[in-house]
Amino acid sequence: MAEFSDELRQVFDVKRLVFRIGEIASMTGVSARQLRYWEQKGLIQSQERPDEKQARVYTFKTFIQVSMIKYFLDEGLTLAAAAKRAGDRQTRAQQIHRFITRGLQGLLQIDGEMALNLGAFDAEQTLLAILPDEGGVHYRLLPNAEVRHLMAATPN
DNA sequence: ATTCTAACA
DNA sequence: TGTTAGCA
């Protein structure tokens, strides 16, 4: 059912979680002055603003970035070095995310139970992890064609 | 109340 | 980077 995945998408849509400069400042211990300066130097980013006079908006991703820079700064690195290492980290995180995303090819429902599509097991079968509401997990192999049909009914 | 830019410390 | 001024 479309409702099922739509709901999940909404729950996991981190882009809807945004902050203003004062919030980022109090959450990270980095001053508003620093945040504006770092942005000016291209070390972090805020969302596009129609007017330059409007309040900056930061995504959760930027919050993480600021936190990492702050951490490395406290470790004694220079601002430039801290920003580079934070950037390297986020690049690595993206790589890992892609890796996991490839393995987890989607969410679907089988007989009313939630299941993870773990991808091709062999030429004609797909491995699924079944996650009952009661908890626990078990695995099943299904013909590729059948999984394709189920995935089509529950688009990602 | 909060954020913004600019400017001086 | 911190602060302050003068706005919005």
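Convention: sequence-line order gives letters A, B, ...; per-chain numbering from 1.
Between the CG atom of A:L35 and the CH2 atom of A:W38 there is a distance of 6.5 Å, given to the nearest 0.5 Å. Between the CG atom in A:L142 and the CZ atom in A:F121 there is a gap of 12.5 Å [rounded to 0.5 Å]. Between atom NZ of residue A:K61 and atom CG of residue A:L17 there is a gap of 14.5 Å, rounded to the nearest 0.5 Å.
Closest approach of A:P132 and A:H138 over heavy atoms only: CG-CE1, 4.0 Å. Nearest heavy atom pair, residue A:I69 against residue A:A82, reads O-CB, 3.7 Å. For the pair A:R20 and A:Y58, the tightest heavy-atom approach, listed with the atom from each and the gap, is C-CD1, 4.1 Å. Closest approach of A:L150 to A:Q109, counting heavy atoms only: CD2-O, 3.9 Å.
Within 6.0 Å of CG in A:D111 there are 12 or fewer heavy atoms belonging to other residues, nucleotides or ligands.
Looking at residues two or more places apart in sequence or on another chain, you find a ring pair (Phe, Tyr, Trp, His ring centres under 6.0 Å) between A:F60 and A:F63.
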**Fill in**
Note, DNA chain B 5' to 3' with Watson-Crick or G-U pairs under 3.5 Å encoded as ( ), [ ], | and . gives .|.||||||
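A side-chain donor-acceptor contact under 3.5 Å links A:D122 to the backbone of A:Q125. Of the possible polar contacts, one joining the A:T59 side chain to the A:T62 backbone as a donor-acceptor pair under 3.5 Å is found. Between the side chain of A:N144 and the main chain of A:A123, a donor-acceptor pair closer than 3.5 Å is present. A distance-only check finds no donor-acceptor pair linking the side chain of A:Q90 to the backbone of A:G87 [under 3.5 Å].
Electrostatic pairing of A:D88 and A:K84 counts as a salt bridge here, judged by a charged N lying under 4.0 Å from a carboxylate O.
Taking atom CD on A:E39 and atom P on B:dT3, their separation rounds to 14 Å, with Å as the unit.
Heavy-atom distances under 4.0 Å link DNA chain B to no residue of residues 62-86 of chain A. Taken residue by residue, residues 18-26 of chain A places heavy atoms nearer than 4.0 Å to DNA chain B at A:R20, A:I21, A:G22. Within residues 42-60 of chain A, the residues having any heavy atom closer than 4.0 Å to DNA chain B are, in order of number, A:R49, A:E52, A:K53, A:Q54, A:A55, A:R56.
The side chain to side chain donor-acceptor pair (under 3.5 Å) with A:R56 is formed by just one residue from the set A:E39, A:Q47, A:Q45; it is A:E39.
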Please enumerate all protein N or O atoms sitting under 3.5 Å from an N or O of nucleotides 2-6 of chain C, with distances to 0.1 Å.
from: C:dG2; atom 1: OP2; to: A:S31; atom 2: OG; distance (Å): 2.6
from: C:dG2; atom 1: N7; to: A:R33; atom 2: NE; distance (Å): 3.2
from: C:dG2; atom 1: O6; to: A:R33; atom 2: NH2; distance (Å): 3.2
from: C:dT3; atom 1: O4; to: A:R33; atom 2: NE; distance (Å): 3.3

